[in-house]
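Order of the sequence lines sets the chain letters (A, B, ...), proteins ahead of strands, with each chain counted from 1. Since the model is a prediction, treat every value here as computed from it, not as a measurement.
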Number of protein chains: 4
Amino acid sequence: MAAITDPQLTPGISPPLAPKARTMKALVYLGPGKKALQDRPVPAILEPADAIVKVRKTTICGSDLHILKGDVPTCAPGRILGHEGIGTIAEVGTGVAHFKVGDPVVISCISSCGKCEYCRRGMYSHCTTGGWILGNEIDGTQAEFVRIPYADTSLYAAPAGSDEEALVMLSDILPTGFECGVLNGKVQPGGTVAIVGAGPVGLAALLTAQFFSPAAIVSIDLDDNRLAVAARFGATDTINSADGNAAAKIMALTGNRGVDTAIEAVGIPATFELCQEIVAPGGTIANIGVHGKKVDLHLERLWSQNISITTRLVDTVTTPMLLKAFVAKKIDPAQLITHHFSLARIDDAYDAFQNAAGTKALKVIIDG
Amino acid sequence: MAAITDPQLTPGISPPLAPKARTMKALVYLGPGKKALQDRPVPAILEPADAIVKVRKTTICGSDLHILKGDVPTCAPGRILGHEGIGTIAEVGTGVAHFKVGDPVVISCISSCGKCEYCRRGMYSHCTTGGWILGNEIDGTQAEFVRIPYADTSLYAAPAGSDEEALVMLSDILPTGFECGVLNGKVQPGGTVAIVGAGPVGLAALLTAQFFSPAAIVSIDLDDNRLAVAARFGATDTINSADGNAAAKIMALTGNRGVDTAIEAVGIPATFELCQEIVAPGGTIANIGVHGKKVDLHLERLWSQNISITTRLVDTVTTPMLLKAFVAKKIDPAQLITHHFSLARIDDAYDAFQNAAGTKALKVIIDG
Amino acid sequence: MAAITDPQLTPGISPPLAPKARTMKALVYLGPGKKALQDRPVPAILEPADAIVKVRKTTICGSDLHILKGDVPTCAPGRILGHEGIGTIAEVGTGVAHFKVGDPVVISCISSCGKCEYCRRGMYSHCTTGGWILGNEIDGTQAEFVRIPYADTSLYAAPAGSDEEALVMLSDILPTGFECGVLNGKVQPGGTVAIVGAGPVGLAALLTAQFFSPAAIVSIDLDDNRLAVAARFGATDTINSADGNAAAKIMALTGNRGVDTAIEAVGIPATFELCQEIVAPGGTIANIGVHGKKVDLHLERLWSQNISITTRLVDTVTTPMLLKAFVAKKIDPAQLITHHFSLARIDDAYDAFQNAAGTKALKVIIDG
Amino acid sequence: MAAITDPQLTPGISPPLAPKARTMKALVYLGPGKKALQDRPVPAILEPADAIVKVRKTTICGSDLHILKGDVPTCAPGRILGHEGIGTIAEVGTGVAHFKVGDPVVISCISSCGKCEYCRRGMYSHCTTGGWILGNEIDGTQAEFVRIPYADTSLYAAPAGSDEEALVMLSDILPTGFECGVLNGKVQPGGTVAIVGAGPVGLAALLTAQFFSPAAIVSIDLDDNRLAVAARFGATDTINSADGNAAAKIMALTGNRGVDTAIEAVGIPATFELCQEIVAPGGTIANIGVHGKKVDLHLERLWSQNISITTRLVDTVTTPMLLKAFVAKKIDPAQLITHHFSLARIDDAYDAFQNAAGTKALKVIIDG
């Protein structure tokens, strides 16, 4: 990681932050359809396990768009958005043991207390006092500073000398694609994988599926641009499903067997239906998509097909492993980044991300 | 196993069977709603891997009732019914290595070639030339004799001295409850299990779930008699779901967490719905039920609950293990048997089995 | 758990402890072969994550004897011994979230920070700042009070109404037998298990192996009394290995196959040798024994036998599960307790435990 | 696969083989240190499950050298050597269902009946009537023709259009490196792997380890040439262990942690000792080496290190998966091939293979 040049962050010289006196810029959710870059107080340590992080780079997630649509009732107006990013430790609570002021860190989208029943089982997403709270139930990362609860178990040391932007992909999208799609989908050497949806999450699944060397990874989408990206990222086949023949094409590609792993990375009934049509006997449908309504499950056919269907909110339990793979250059997450903006221009960043069909945006980096 | 007294079966004396000359009694499916005990030719060896088994005891399965309703299109009129039973080897093909005339055997409901891609993966249910064919695509066990294809990999040596009737439960119902419900449901020591449905299959899941010492096994049914049986078989709690409050009761029993394992052993939308209401985050819904129509899957809620849903046609890959557990008296499957009939009275057996609410029938034994 | 009668522990009345002013009785290690019950200051909170526990019941472990022999170099003279026990929270640090003064708790023999790489992988035994430190690198439980670091992740709430003495078995011996022996040994329904050594640890493996309903559990020891206990605890067969024919007897019992799981619960070359002789192809040798010297590994024979050998210092990661199983009465650990002493008579407790052949002691309870 | 040009193999024209009238060239073991290319009768079908394969390409294995040293007592003088190769089906028994005359096939080094307890568990190496018998207990593949028992479950269809020589690597060396080293060693994305020995088997482990994208794969050998090959094949680091400092170098490379997976691919005490020195807590030592004598196991240190040690004779249960990965170009086994000989010059092939230090031979192809 590059040298920390902000003199205010140098430990031992002067108090790095005088929270009450200072304000910062932050993107605030103001109710359905509304957000604004506002001046907000710099956050302060509230609990011994907290850290304050100076955000260096953040990004926008599909979940932020869900919030803006009003689809996430836990997120109240007034909330600072964002749950991804990298930064530098600006202040630590008395209970923080693994980080000190000045340390470069990756912020996990999931806050994990490390102590509750779920955390101890590795299911941090369901941490009884954490989980996905950042930019949702507590203020988030689309700001100059952010308070991170349970810092020791919710931040990760940024490896020295790493590409900072690439590291932002470790906050959420890579573990999401990997845990919910690839691990849950039991991707194996020699296996066949279909990924329905070639948006950022589907592409993250595509990148991380290659850790396990499947024989085929078929990317399916309605957008030829995204399919071209998928092919560049390692998809062995791409299918534009606009003509309604995607299932037939998959069956043809697989000798009429279907795929061992069908990853749903869209979140609507039609794409889940497609997964049911293409999963082979003994295969798995791994859902990543955030669904807004119920879907049909064809148990009248699938009851005897020996399949599994899995759901998962990312736990980020694999972040240490992904960091090792990243340092070892086994994955290049920077490929996912298409646009850059300053925090002052975060509205433009949202526009670009929201109009991905036109802008060809995947992940946009916002510099803090 | 008792001595084989039928002199015709004594090897080395005379040809044990002269198939063309002999006929036998067999229960034949004659189209929806129709069946009859008829005279049929004793089956003959057709392939080197075949064995002819003299059926000593068989039973009736819910699948037989499905066939009689006309719900199983692969089963054509004229077919001898039945896919469970024990018997004695009467004749073997030249390719049979592990059995000889006179050997007592358990007949598996699944025929496994042992050679195809699925068999080599332990997924015998999807054997490309076998699977569930007995009493469905080829003639079955509700007869005096039955031809068993792939005898070496579809029959199991009956342990000497075993209770013959109990062994009939190893043909289908115990592996079904165990593989589709207990193993797929990842039942664990200290875990919580709900079994929706206390019919024979649900009870088989209940018996075999106890192999893994879960902390609680809740049996749910509409029939108080069956719930009383479940309690006797080891359910720690029973819930009559007639009042519509089963989910609430389960949540109360589990400290509002839900169950780690929800086993669906009925096969209708309402029971699958209940499973979705009671499964804990991180839990599993293991479907055993044979469903006739699609169900609603509430991904709008479950997408973030880290659950698995599994389906399975029994593979009978655990039959050797179940036989060992049975011999070691770790399970008492004879508890499932409520009625006995001779083959001549098999129509009465069907009546008793079909009217289980009145007769309190679970499994009925038919003596060959 | 019984009401807490010590008025000093009632929260909100007066400072429960004035550590500097108070002393307590504690058993102190004074170098090889030497120990004494001494007056020591009551421990104080040193870190925000600490708790002080009033010890109600503790016990003696084989590891304590190892320390007294001078075999544990990390344990310096002056150390208070003991790493097992139950008690009541007397004081908590500012970082403790899950316990409050007055709570009844089980003390884990392993201290787990919950944050380091090993803790996050569930390998608490190798916690970079914890692990087995209690009664070894920091003062232990054979005293009136003990300081427990990382209290939230190293203590467990004692279930209300539980048998307190039985709970002491949850500190170390049950998770040790279960994790190092049963889980590592992959005990399965229908499988065959041999446990070499019927001391407390071997018996704990025997009790917890039954969670998985193996077909046979053979207990092997030199002491007929212990073998009688093993038979009472559920061993299906017992073998006195004094005559040197144990391996031959095991092979006879298993149809010359050997056992699926061989658990080594002694810690000397001869017993590990026996495990190598009796493990079946495809089986596992799960070592629990604390070995003082190297052993021979017969790779000249075993290289082609598809076996696994595992070692493990207990992680206590299964303690929550064992507590659930205990509450559900799936295990009765109180069976392991043979003797009771007051803390004042702890020397007699050591004598009884050390001379187990004569006293038939398994676990001895020391009342705080 | 290339067209089959041998007119004698064209079915339907003339009897493809008149075994009694024909002889073939075959390399025959004549006792320790002795072998000769002799005229031998072309083998005939003995059992319904047999096939006769016209060998097109075979190779030499370290096990062949063991036989020649007299170290394999099951292999009697007079035996035709060889257990690897590809060929064309020349004749099939009446029980063979999956192959017909003219089919191109890969010969597995392991014969699997598909029916016994071990085969049904996927442990073909311990098939009660098969296992490693080819070129050992029955005549092998270093000949113009070979009889393959249990053809349906011991041969694999050669994918059309494949590189025939590369396919020879699927007979033994790739599944050996993969199953005994990589799968048993639990190689994972982000993990660290050391492979002790860079001979053909170690290199096969190196190639197949990359299916799982570990962060580091360190190859260790005494021969700089082999280490250079290892680097070319994907080792991230190489260590010449001649100076006795290999363990220290590994610890330095791994931040003093040791490796998650240590693969032993030599078979002598010194290399197994090294594996014990470098395995991290929680790691695995996966033995592939064929050991001639016992080794020291340092349980006095390892008992508390939570490690696993595994042994395995290759089962070839992953051959279908490896074929899929090969067809999908996820692995290039042809890299292992360094030399080519005709069957007439097989003595030269043995010389080249035996003197690998001088000839730099890895695998040598012998054309049938």
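Note on D/Pro320, D/Ala215, D/Ala325: by heavy-atom pairs under 4.5 Å with chain A, the leading option is D/Ala215. Interface check for chain A: of the options D/Gly191, D/Ala216, D/Pro189, the most heavy-atom pairs under 4.5 Å are formed by D/Pro189.
Atom CZ of A/Arg121 has more than 12 neighbouring heavy atoms from other residues, nucleotides or ligands inside a 6.0 Å radius.
Atoms CD and OG1, on A/Gln188 and D/Thr318 in that order, are 11.5 Å from each other to the nearest 0.5 Å. Atom OG1 of A/Thr236 and atom NZ of D/Lys330 lie 7.0 Å apart (nearest 0.5 Å).
Pairs passing the salt bridge (Lys or Arg N to Asp or Glu O under 4.0 Å) check and including a residue from residues 177-201 of chain A, sequence neighbours excluded, read A/Glu179-A/Arg312.
Heavy-atom minimum distance, A/Lys324 versus D/Gly190: CD-O, 3.4 Å.
Proximity to chain A is limited to the backbone of D/Pro214, based on heavy atoms less than 4.5 angstrom apart.
Considering only heavy atoms from C-beta on, D/Phe212 comes within 4.5 Å of A/Phe212 through its side chain.
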